[in-house]
Structures are given as structure tokens and as C-alpha cells.
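Within every chain, numbering begins at 1; the chains are lettered A, B, ... in the order of the sequence lines, protein sequences first and strands thereafter. The shown structure was predicted, so the numbers you read here are calculated from the model rather than taken from an experiment.
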Amino acid sequence: MNFFSDVILMLDSSIRLAVPILLACLAGLYSERSGIVDIGLEGKMLGAAFAAAAIAAVTGSAWLGLLAAIFVSSGMAMIHAIASINMRGNQIISGVALNFLALGATVFVGHSWFKRGGSTPNLGTDARFSPIELPFAEQLGGIPIVGEIYEQLISGHNLIVYVAFLAVPVTAWVLFRTRFGLRLRAVGENPTALDTAGISVTKLRYQALIIGGILCGLAGAYLSTGQGASFSDNMTAGRGFIALAALIFAKWRPVPALWTCLLFGVLSAAQIRLQGVEFPLIGEVPVQAIQALPYILTVVLLAGFIGRSVAPKAVGQPYIKER
Amino acid sequence: MSTHKPLPRWVDIALMPALNVALAFVVGGLAVAAVGEDPFRAMQVLIFGAFGYGEGWGFTLHFATSFVFTGLAVAVAYHAGLFNIGGEGQAYVAGLGAIMVALWLDQTHWVFVLVGSTFAAMTFGAIWAMIPGYLQAKRGSHIVITTIMFNFIASAFMSYMLAQVITRPGANAETETIAETGRLPLMSDFLPVFTFSPLNITFFIGILSLIFVYVLIWHTKLGYQIRTLGANPEAARYAGISAVAIIIIVMAISGALAGLMAVNEAVGVQKRLGVGYVQGFGFVGIAVAFMGRAHPIGIALAALLFGALYQGGQELAFVMPSVSSDLVVVIQALVILFTGAMSEMFKPVLLRLFNRASGEPETVGD
């Protein structure tokens, strides 16, 4: 049974590691499906993580922290919207700028508020999102396998984890079963057609970016007030870019996004577990090789060596209304 | 808008970027004011830190040299319509080549170290950039995404190399140090005014690179092909220019330029290679290239400005403890945002202003 509980433990940490990537990946999905490239996922997540930890530290409320996170992240999404929708600027450059803005501003503000070199104070239990025990978890835990999975793997995560997993079917439903979703998919492929049909391209893209802002806000709050208990300099550490990779891997679809993010979660959990483990035949696998794997896989996929991943057609191009 | 006269050239290439940069500094100043310090005094401290004395100048020019390399790397690719975000990874991997050759030749003479490590840095940087170039040209994978991924792959690869392969025993993931005989001369050896600054002979390679890029882009056949491809890929195809070849060559040149940073920083100053030695300078190149409008003169000025910011920023953090040196990163972000993504922000206002000034009657509607 030792092996079984080992697997459970590893899957459990995989889920924890996958959540921020999943939320950011879905954020990117809305944005890119609407035709706006979102390199700034990393920055929005970082800004949100800081806002959540800082406000939770000051007010003692995780909820106010979450609200601040969503506010900051959506605000950054609006800068991106103004630059790329209204000013028809280069969306990639705008995203790059947002990433640096978050990187610099979080430490700058944190340094001045908390005098801890950019970090925020450690949060107490009330100021964090604590684990939720699902009903009957304890009673069912005695049942072998099914009960253990329920108790240890499914139960006992914080609220944002459940929201993240719920966001997947919701996104799938919105995207493929609602009028908004149809328009969103259309505006990313052929904005002119939508404009001709009398639907505002600008408004749709703004809506998509707001949704993305909210999701990145959740991801950031999860990092600093759910999984962790404070903010530290550059704490997203490239997760926004892994999310971008996952989005490409999932070919801009929500359910494959879930599997990809879980896979990347397993990879980063394995990174920690496999340190110093000898394998038969190949010997010890360097941690760095597993670290680089999501990125290498994405490059290989993008190059079309294993299937093809094609972005929404209008992505990256500003829409110029005909007069 | 059709009835408006176009803006004069100097407004387009000088005034608008200057206004955008000024705006970035105004916002930075507001941030300083928001943490309760006097922005004008902060500006004074910053300028004095960067230009007030010889050592400050030395640091400023040293940082500027690195930014010239990474800025030119972004600019050259941009002329071909490619956005190379991978300067960070290219400079990192180039460090490996540079330091290996430097450590190999360090018992001879610094001239050999300089030539050898320059060549190796350029080769390694070029190869690391050519792979995304090849994938873009041949397989159609988007260069932005691939270069981002390659930054992360480089970071994992390099920490493996530094921890396991070319590591100094007993050290925490760094190489051996270059022997005394092979160290590049510092400027302060000839000009005592630069005292303890790290400004070294690589500065001249920076100036040569600026001239090289100017000649390449505007006075060679290859440069013409690069610009044609960047301006209109369709037209380039009809003119018989091979996009595949140009993309790969341009990325190689771009990577080689980014790689030169390794000579300046790793070989010239740190004299060894440690984890994460690039410190985001590859990304500063993005800001430098946009602010400098991808032109060598502009890039030289922008690199000088950012060199001053990085040097003065450290001085500022020292004098005003509540202002962290990350203010520089904020200003860098704003410069990228305003000069890169919102570059035409002031255009409507300027158009109206100049049309009125030239006495044209206001035209109705556009």
C-alpha cells in the first residue's frame, strides 16, 4: 500500500502545482480566442499575487485580498486592451511591458509598504484560503482506494482549487454552447464577418480580456494566499509562460487545457520527487531536464513534429474598422 | 484623416519617442512621489550617480555596452519583421562558449582570450538563436513563443552545465576564474578617471557592432533583403528573396550580437560564469531597441539612458532607502509600453497642432 499512497501524495501535489497554471491558461484561452495575444499572463498573475498578499496582510481578510488581486489583474488587462484594441499597438510588446511592470512595481511598492525587500509579511490562517474538508471525507477515508482517493486527493483543497477545476467545464460550455462563445470564437478567426453582422469587435475583445483578468487574479491570489502564505519577489517564476505553453499544447481548447496543465503539474511534482533517484538503464535524470520538458514539448509541438497546433487566425492583428 | 498633412520627419523619429520616454519618466516620478520622496531630488541623485564622477561614468558606459549588444540583437531581427525575445537565453548560452574558450586560453595573453571568447560567444549565441529561426522559417512555429521557450530551456540547460559539467569543485554552480594573464584590460588601466569601474575593452566592440549593424542594414544587399522581408514579405517573395534563408541568417546575426554581452560581463568583469549572470539584460534590449527605433544611433542613446538608469538607480536606492532600485524596472516597462505598444499615442494631438501651426483650415471629419 506504500506505493499507492506515494502516488496519491504525488498526484495531490501535482494538483496544487497545476492550479495556477490552469487558471492562467484559461485566461489566455479567452483572450487569444478573441484574437488578442496574451504574453502578459505572467505579469498579471504576479501583480495579483502581490495585491492579494498585501491587502490580506493589511486587512487580515483573504477575501479582500482576492478582490484586490482581481482588481489589479483586470486593471492590467485593461492597459493591454487600450494598447492593443484602441491604439492598435503591438500586442506582444504590450504584454512584455506588463510583465516588467509587474516585476518592478510589486517589489517597488512592497519595499515601500512593508520594508522587507519586496516580500510581504507572513499571513495568519484567517488571511489565507484554508483547506476545505468535503462532506464525509473522514468517514469515507477508511474505504480502500476509492475512499482514500476521495479523502486525500479530492477533499482538503482550498476554494480556489475547486473554482479552477469548475472553470474548465464552465469555459467549455460558454465557448461551445453559448452565443457569447460563438461570437468569441468568431472574432478570433474573422473579426470582419462579425463587424459586418453588426456585433462590436471592440466590446467582445474587452469582455474576453476582463474575464482573463479575473482568472489571472484568481491564479495570483492562489499563489500568495492559498498555496503560499506571503508574496516574494518574482514568485510566479515563469508559470505564466508555462500556461502559455499549455494553451498551445491544448490547441486553445478548455478540456485539453485541463489535461495539459495536470501533466505539467505532474512534471513539476516529479521534479521534486525524482531528485537523486537512480533509474534502471538511464541512471539519474537531471532535475533540469524535467524542468525544461514542458518547454521542449511545446517547441516540438509548435514545430509540427507531433501533431499541429494552429492559433486562432486573427490573433495578434489589430482590427481596423472599415469606413 | 486623409486631408491632414503628414507630420514632419523629425517629429516622427525624434519628438514622438522623446515625448513617450518623457511620459515614462513622469510616471516614474509620480511613483517616487507616491512613496513620499521628492522626485526632483531623486532625479538629481540619479543623474549624479550616473554621470557625476568618473566611476559612475564607467559603470554607466559598462552597462550601456551590454545594452547595445542586446538592443542591437532585438533591432536586427525587428528589421526582418521578427521579434526576438530570446536575447536573454542567447546571451546566457553564449556565456558558456565565451568562458570555455577564455579558460582554455587564459595562460596565453588577453588578446587571444578576447578574440577567442568573442568568436565563441557569437557562435554559441548564433546557434541558440538559429534554432528558433529555423523552426520559424521551415516549420512555421511562431518565433516569439519559441524564443520564450528557448529562454527557459537555456536557463535549465545552463544550470545543469554550471552545476554538473564545468563547475568549480566546491563552488555553488559557477566556473573556475580566468587566470590573471588572460584578463581583459580595464579602461581604468589607461584612463585613471574611471577608477574602480568595470568598463573594459569590450566597449570598443560595442561601438564596432553599432557601425556594423548600420552598414549591414542600410548599405548591403543582405540588409536590403532583410528590410524588404520585414516591410512586405509578399513583395520579398516576388523579388526572389528567400525568406527561409534570410530568417535563419538574421536570427544568427541577432543571436551573435546578444552573445557578445557574455564577453563584456562574464569574461570582462566577473571573470567566471555563474548562474543567471544575464540578470535580465537581454530583456532590457527590448526596451532599448524600441526606444532607439531600431536604428544604431537611437540604440546608442537608449543604451546610454538605460546604462545611466541602472547605475544611477543603485545610487538612488542607496541614498533614498524607501525607493528600491526596482524603480528602474518600472521605468523600463513604461518605456517599452509607451514607445513600443502605444507609440502613436501623441500622434492625433501632434497632427492637430502642426496642421493648425501651418495655417491649414481645420478639415471637417476624417
Side-chain angles (χ1 to χ4, degrees), chain A residues 37 39 43 79-80 82-84 87-113 115 117-118 233 238 241-242 244-245 248 286-299 301-305 308-311 316 323, chain B residues 31-32 34-37 83 85 131-132 134-136 138-142 144-146 148-161 163-164 280 283-284 286-287 290 317 321-345 366:
Chain A
V37 180
I39 302 272
I79 297 178
H80 191 47
I82 291 168
S84 47
M87 294 190 176
R88 299 184 208 127
N90 186 320
Q91 299 163 12
I92 293 162
I93 302 172
S94 162
V96 168
L98 286 181
N99 287 339
F100 287 117
L101 189 62
L103 197 63
T106 51
V107 178
F108 181 76
V109 177
H111 177 84
S112 127
W113 281 3
K115 316 269 178 239
D233 185 7
F241 295 110
I242 293 219
L244 209 60
I248 296 163
V287 201
Q288 291 91 352
I290 307 169
Q291 241 168 40
L293 203 54
Y295 306 111
I296 295 174
L297 285 175
T298 307
V299 170
L301 179 82
L302 263 177
F305 293 118
R308 261 230 164 271
S309 184
V310 182
R323 288 180 191 275
Chain B
V32 172
V35 300
E37 294 280 1
F83 193 3
I85 309 195
I131 308 170
Y134 169 82
L135 292 172
Q136 162 85 63
K138 278 280 194 191
R139 315 285 312 188
S141 32
H142 202 293
V144 170
I145 305 289
T146 336
I148 291 176
M149 298 300 139
F150 264 66
N151 282 340
F152 286 99
I153 299 172
S155 147
F157 169 69
M158 289 301 290
S159 49
Y160 174 73
M161 291 303 282
Q164 309 284 342
F283 294 122
V284 180
I286 301 171
F290 284 120
S322 58
V323 177
S324 103
S325 61
D326 292 86
L327 175 66
V328 175
V329 182
V330 175
I331 293 178
Q332 177 189 331
L334 295 170
V335 167
I336 297 177
L337 186 67
F338 295 149
T339 63
M342 300 181 169
S343 55
E344 310 226 311
M345 196 175 2
D366 52 355

Between [X] and chain A, with a heavy-atom cut-off of 4.5 Å, which part of the residue counts as in contact: side chain, backbone, both or neither?
X	answer
B/F150	side chain
B/Y160	both
B/A31	both

At a heavy-atom separation under 4.5 Å, does [X] approach chain B through its side chain, its backbone, both, or neither?
X	answer
A/I248	side chain
A/I79	both
A/T298	side chain

*Minimum heavy-atom separation for A/F241 to B/M149, with atom names?*
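Closest approach of A/F241 to B/M149: O-CE, 3.7 Å.
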*asked:* Under a 4.5 Å cutoff for heavy-atom pairs, which residue among A/L293, A/L101, A/L244, A/V109 has the most contacts with chain B?
replied: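 Top count of heavy-atom pairs under 4.5 Å with chain B: A/L101.
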*asked:* Counting heavy-atom pairs under 4.5 Å with chain B, which one of A/I92, A/I39, A/T106 comes out on top?
replied: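 Greatest number of close heavy-atom pairs with chain B: A/I92.
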_side-chain contact (heavy atoms from CB on, under 4.5 Å) between A/I242 and B/F152, intermediate numbers included_ = CA-CA 10 Å; A/I242 293 219; B/F152 286 99; over 6 Å; no
*CG/A/N99 to CZ/B/F283 distance, rounded to the nearest 0.5 angstrom?*
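So the gap between those two atoms works out to 8.5 Å.
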*Distance, nearest 0.5 Å, that separates NZ of A/K115 from OG of B/S322*: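 A/K115 atom NZ to B/S322 atom OG measures 5.5 Å (nearest 0.5 Å).
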*Choice from B/V144, B/I85, B/I131 maximising heavy atom contacts with chain A below 4.5 Å*: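 The candidate making the most pairs under 4.5 Å is B/V144.
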*Are side-chain heavy atoms of B/L135 and A/L302 found at a separation under 4.5 Å?*
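Not touching, per the 4.5 Å side-chain cut-off.
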Give the table of side-chain donor-acceptor pairs shorter than 3.5 Å for residues 326-345 of chain B, with sequence neighbours excluded, one pair per line with atom names and distance.
from   : atom 1 : to     : atom 2 : distance (Å)
B/D326 : OD1    : B/S324 : OG     : 3.1
B/Q332 : OE1    : B/Y310 : OH     : 2.9
B/T339 : OG1    : B/V335 : O      : 2.6

*Within the side chain of A/H111, is there an N or O that forms a donor-acceptor pair under 3.5 Å with the backbone of B/P321?*
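Side chain of A/H111 to backbone of B/P321, a donor-acceptor pair under 3.5 Å: yes, one is there.
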